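I have placed the structure first, in the form of structure tokens, so that the comments after it can refer back to it.
Only a predicted model underlies this, so the values are computations on that prediction, with no experimental measurement involved. Atom set for the values below is all heavy atoms of this structure, side chains included, hydrogens, waters and symmetry mates excluded. Chain identifiers are assigned alphabetically (A, B, ...) following the order of the sequence lines, protein sequences preceding nucleic acid strands; residue numbering begins at 1 within each chain.
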Number of protein chains: 2
Amino acid sequence: MPRAIYEGIYRDLKGKIQEGTYTYEDFLPTESELTAQYGCSRNTLRRAVSMLADDAYVQPMHGRGVRVIWQREGHSAQGSLSGVESFVEFARRNGLTPSTSVKSFEQVTCGSGLSRRTGFAEGVELLRIVRVRSLDGEARQVDHDYFLASAVAGLTPEIAEGSVYHFLESERHMRILTSKRRITVQLATDEDCSYMDLDPYNCVAVMENQSFNSEGVMFEYTQVRYHPDSFSYNLVSRR
Amino acid sequence: MPRAIYEGIYRDLKGKIQEGTYTYEDFLPTESELTAQYGCSRNTLRRAVSMLADDAYVQPMHGRGVRVIWQREGHSAQGSLSGVESFVEFARRNGLTPSTSVKSFEQVTCGSGLSRRTGFAEGVELLRIVRVRSLDGEARQVDHDYFLASAVAGLTPEIAEGSVYHFLESERHMRILTSKRRITVQLATDEDCSYMDLDPYNCVAVMENQSFNSEGVMFEYTQVRYHPDSFSYNLVSRR
DNA sequence: AAGTGGTCTAGACCACCTA
DNA sequence: AGGTGGTCTAGACCACTTG
């Protein structure tokens with residue numbers, strides 16, 4: 001694997017923090033020690049450290065050193081859906097059986113309302129897919145996907161029962177490079193109630209998502225409506 | 001102001017994208033053109049561009065160029081609380097009158113349950129503050145704050161009615177450098193219902209937050225419980 | 001083949017912290 | 001004063017895309 005040097009150093013340091021070689025509130029060795037240790041330039045090492053800082057594993061302190069701030073089980077994890085993990089990966093990791101039921105699979109033209117909501121240009125052809133996803137038979141989320149029709153030619157309802165991304169990556173050689181997300185809480189719609197076990201006055205967590213492919217073109221808008229018990233989202237911010 | 005060069009370039013390019021000098025799906029000038037334009041080294045320019053990419057303003061494409069992916073009103077913004085903006089800033093921007101009522105202000109010792117929830121070590125002294133925050137008289141969120149008591153000496157209920165961060169920054173010369181967050185949706189507690197206008201079967205959006213100061217020490221755990229109508233969180237992810 | 005972004009190096013100077 | 005991280009430069013080579 002032709003991995004970048006900074007990537008290797010990043011993984012190595014991250015592993016050492018997770019394993020306890022460096023622990024909470026320790027200082028990492030200094031930059032000059034680490035560059036000597038890894039036999040790389042200072043810039044390359046700094047890039048790796050800055051990635052660790054982005055992950056909130058570490059906090060560099062000017063004039064003092066680089067302090068570890070990662071804690072095992074920092075925010076103790078409940079068994080709930082992480083926003084970054086795929087549905088199937090989450091299920092596998094927790095020993096649950098995932099299943100997907102395609103409720104809708106149709107081509108639509110993007111009208112003005114849809115354009116404002118999704119960010120697609122008016123008039124473009126979209127493929128609309130609605131899927132209910134369950135764990136051990138319990139409906140946990142409803143996915144509303146809109147794909148640029150031209151980008152997903154060949155997609156069938158059968159494929160949509162599995163992973164659309166796998167299809168896009170292996171068949172269409174497409175990669176998601178960037179995505180913008182928004183999380184809100186909304187009152188459950190009648191549709192939500194009919195798909196998931198919810199009462200009309202319940203709320204759902206809604207994650208909207210715009211994805212851009214390697215061409216820099218937005219090709220997907222997704223709205224995932226989560227059963228409130230199944231939603232958890234972790235993130236980090238700096239500065 | 002001794003701002004960094006990359007910071008200036010970053011802001012300039014960001015402004016040009018927002019103003020429409022470069023628009024959605026355009027390519028930026030090439031790196032060599034931009035380095036000439038700004039009279040800086042390639043590394044410095046690349047750092048600025050990489051920050052724009054982190055913000056999903058731009059997507060660099062190997063061998064082709066750097067494409068703008070920012071859209072005005074991409075995910076159309078509703079009038080709702082953003083997770084990154086402070087409560088007062090949000091109110092001001094939307095012409096609403098913010099108010100805060102301190103419901104609790106007391107010192108507690110961190111027990112095992114609290115330690116697991118918050119990430120503080122067992123036995124440390126904490127200052128617990130509960131505040132209800134309203135916009136135009138309507139209660140929108142309840143803040144449960146736990147501060148390392150030693151870090152916030154001198155804090156009073158009167159100060160807590162305003163901005164604790166302002167106190168920490170100007171009086172205690174403390175800065176938040178990193179924070180880890182988690183967002184979940186929970187059933188409203190009796191306390192939530194009594195503070196905000198909610199029924200027992202309603203949900204609240206909960207944002208938990210651990211903050212680290214410039215010493216790399218966690219000094220704050222906050223749990224903000226949002227009225228569902230007042231919650232919106234925007235974020236970006238790459239790769 | 002030419003042009004683009006991606007990675008890496010070596011060396012310089014600065015700003016901050018501790019003593 | 002000495003050590004640490006923060007910024008910046010100049011130049012090299014590589015990998016990908018396009019004609």
Discussion item. With a 4.0 Å limit, can you tell me whether Tyr6(B) has a side-chain N or O closer than that to the phosphate oxygens OP1/OP2 of dC8(D)?
Written reply: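 No.
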
Item to complete: Would you indicate, yes or no, if dT9(D) has its OP1 or OP2 atom less than 4.0 angstrom from a side-chain nitrogen or oxygen of Thr44(B)?
Response: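 For dT9(D), OP1/OP2 do have a side-chain N/O of Thr44(B) under 4.0 Å.
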
Please give, in whole Å, the distance from [N] [atom2] to [X] [atom1]?
X        : N       : atom1 : atom2 : answer
Arg46(B) : dT7(D)  : CZ    : P     : 17 Å
Arg3(A)  : dC8(C)  : CZ    : P     : 11 Å
Ile5(B)  : dA15(C) : CD1   : P     : 13 Å
Glu31(A) : dG6(D)  : CD    : C1'   : 8 Å
Met61(B) : dT4(C)  : CE    : P     : 14 Å
Arg64(B) : dT17(D) : CZ    : P     : 8 Å
His62(B) : dC14(D) : NE2   : P     : 13 Å
Leu45(B) : dC8(D)  : CG    : C1'   : 13 Å

Worksheet item: By salt bridge (Lys or Arg N to Asp or Glu O under 4.0 Å), which residues pair with Arg92(A), not counting sequence neighbours?
Response: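 Testing Arg92(A) for salt bridge (Lys or Arg N to Asp or Glu O under 4.0 Å), a comparison that skips the adjacent residues, returns none.
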
Discussion item. Below 4.0 angstrom, which residues in residues 33-43 of chain A have at least one non-hydrogen atom near DNA chain D?
Written reply: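 Heavy-atom cutoff 4.0 Å gives Arg42(A), Asn43(A).
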
So does [X] pair up with [Y], basic N to acidic O under 4.0 Å?
X         : Y         : answer
Asp55(A)  : Lys14(A)  : yes
Arg42(A)  : Glu31(A)  : yes
Arg133(A) : Asp143(A) : yes

Worksheet item: Between Thr23(B) (side chain) and Gly20(B) (backbone), is there a donor-acceptor pair under 3.5 Å?
Response: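 No, the answer is negative, given that no donor and acceptor are paired below the 3.5 Å cut-off.
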
Discussion item. Can a donor-acceptor pair be found, under 3.5 Å and without considering hydrogens, that links the side chain of Arg131(A) to the backbone of Ala160(A)?
Written reply: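 The answer is yes, because a donor-acceptor pair under 3.5 Å joins these two groups.
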
Fill in: For the student: nearest non-hydrogen atoms of Tyr38(A) and Ile9(A), plus distance
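Looking at all heavy atoms of both residues, the closest pair is CE1-CG2, 3.8 Å.
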
Practice prompt. Scan Val66(A) against the nucleic acid and name what it touches under 4.0 Å (heavy atoms): base, sugar-phosphate only, or nothing.
Written response: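 If one applies the 4.0 Å heavy-atom cut-off, Val66(A) turns out to touch the sugar-phosphate alone, with no base involved.
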
